[in-house]
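Everything below concerns the one structure shown next.
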Amino acid sequence: DTPISGAKEDQSKMLLPSSKLTQLCPSLPVLDVDVTYSARVESCERAQDFVARRSGMAFLNVKETREAIPRIVDLMGKEKKWSTARKQQEMADAIAYLNTFTALAA
């Protein structure tokens, strides 16, 4: 867990008043509530969009972002009421996107 303050704390209380705030990755300051907020308020529709554009996680730590994909998809899936098939597709698309970073580095 990470300490939060100001607007992010207010945002988290609004969205998840009884939830514990949890970091998605150990080295990145991205919380579960950031996924929920992006899906609910910012009209984020895809896990790939969240890791690339909403949070920038993909550009900071590909390995940790890849490990966080299942949690991101789960959170977005709950918010967007995705089917199991849609969750599987979102997972595959986000991982395929992250794999392009590895391909570029080789």
Side-chain angles (χ1 to χ4, degrees):
D1 297 335
T2 185
I4 60 171
S5 63
K8 186 172 264 196
E9 185 174 11
D10 293 342
Q11 158 189 316
S12 67
K13 287 177 183 175
M14 176 186 75
L15 291 173
L16 304 169
S18 62
S19 295
K20 185 176 178 183
L21 300 177
T22 305
Q23 274 182 268
L24 290 172
C25 300
S27 71
L28 302 175
V30 182
L31 306 172
D32 284 4
V33 71
D34 295 322
V35 179
T36 303
Y37 183 84
S38 289
R40 189 179 297 176
V41 178
E42 297 179 338
S43 300
C44 182
E45 297 294 329
R46 312 244 3 249
Q48 178 182 333
D49 180 26
F50 181 80
V51 301
R53 290 171 284 284
R54 309 301 172 132
S55 69
M57 294 171 65
F59 302 101
L60 301 172
N61 190 321
V62 173
K63 180 183 180 294
E64 287 186 14
T65 300
R66 185 177 287 114
E67 292 168 2
I69 292 291
R71 180 74 179 137
I72 292 166
V73 168
D74 182 55
L75 291 165
M76 289 188 75
K78 286 179 184 170
E79 193 63 33
K80 300 289 184 179
K81 297 179 179 30
W82 287 344
S83 67
T84 300
R86 172 70 188 265
K87 288 180 187 179
Q88 291 171 340
Q89 187 63 55
E90 287 295 327
M91 185 110 51
D93 290 349
I95 290 170
Y97 174 73
L98 290 175
N99 286 342
T100 66
F101 286 73
T102 306
L104 293 174

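Only heavy atoms go into these numbers, but all of them, side chains included; no hydrogens, no water, no symmetry mates. All values derive from a computational prediction rather than experimental measurement.
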Check: Tell me, do Arg66 and Asn99 make a side-chain contact under 4.5 Å, heavy atoms counted?
Finding: yes
Item checked: Side-chain touch Val33/Thr22, heavy atoms, less than 4.5 angstrom -> no
Notebook entry, point to check: So which pairs with a foot in residues 48-82 pass ring-ring contact (aromatic ring centres under 6.0 Å, His included), sequence neighbours left out?
Noted result: Phe59-Phe101
Tell me whether [X] contacts the main-chain N or O of [Y] through its side chain, where contact means a donor paired with an acceptor under 3.5 Å.
{"X": "Ser38", "Y": "Val35", "result": "no"}
{"X": "Glu42", "Y": "Cys44", "result": "no"}
{"X": "Lys87", "Y": "Val73", "result": "no"}

Find the distance between [atom1] ([X]) and [atom2] ([Y]) and round it off to the nearest 0.5 Å.
{"X": "Asp34", "Y": "Met57", "atom1": "CG", "atom2": "CE", "answer": "9.5 Å"}
{"X": "Leu98", "Y": "Gln48", "atom1": "CG", "atom2": "CD", "answer": "8.5 Å"}
{"X": "Thr65", "Y": "Ile95", "atom1": "OG1", "atom2": "CD1", "answer": "11.5 Å"}
{"X": "Ile72", "Y": "Leu75", "atom1": "CD1", "atom2": "CG", "answer": "8.0 Å"}
{"X": "Asp32", "Y": "Leu24", "atom1": "CG", "atom2": "CG", "answer": "5.0 Å"}

Next item on the list: State, to 0.1 Å, how close Ala68 and Cys25 come at their nearest heavy-atom pair, and which atoms those are.
Entry: CB-SG, 3.9 Å
Item checked: side-chain hydrogen bond (donor to acceptor under 3.5 Å, both in side chains) involving Gln89 - partner list, sequence neighbours excluded -> Asp93
Margin query: Applying side-chain hydrogen bond (donor to acceptor under 3.5 Å, both in side chains), can you list everything that pairs with Arg54, at least two apart in sequence or on another chain?
Written below: Asp49
Checklist line | Those residues that, when tested against Lys78, pass side-chain contact (heavy atoms from CB on, under 4.5 Å) (two or more places apart) | finding: Asp74
Note to self: Going by the rule salt bridge (charged side-chain N to carboxylate O under 4.0 Å, His left out), which residues pair with Glu64 if we only count those two or more places apart in sequence or in a different chain?
What the structure shows: none
Check: Who pairs with Arg86 by salt bridge (charged side-chain N to carboxylate O under 4.0 Å, His left out), at least two apart in sequence or on another chain?
Finding: Glu90
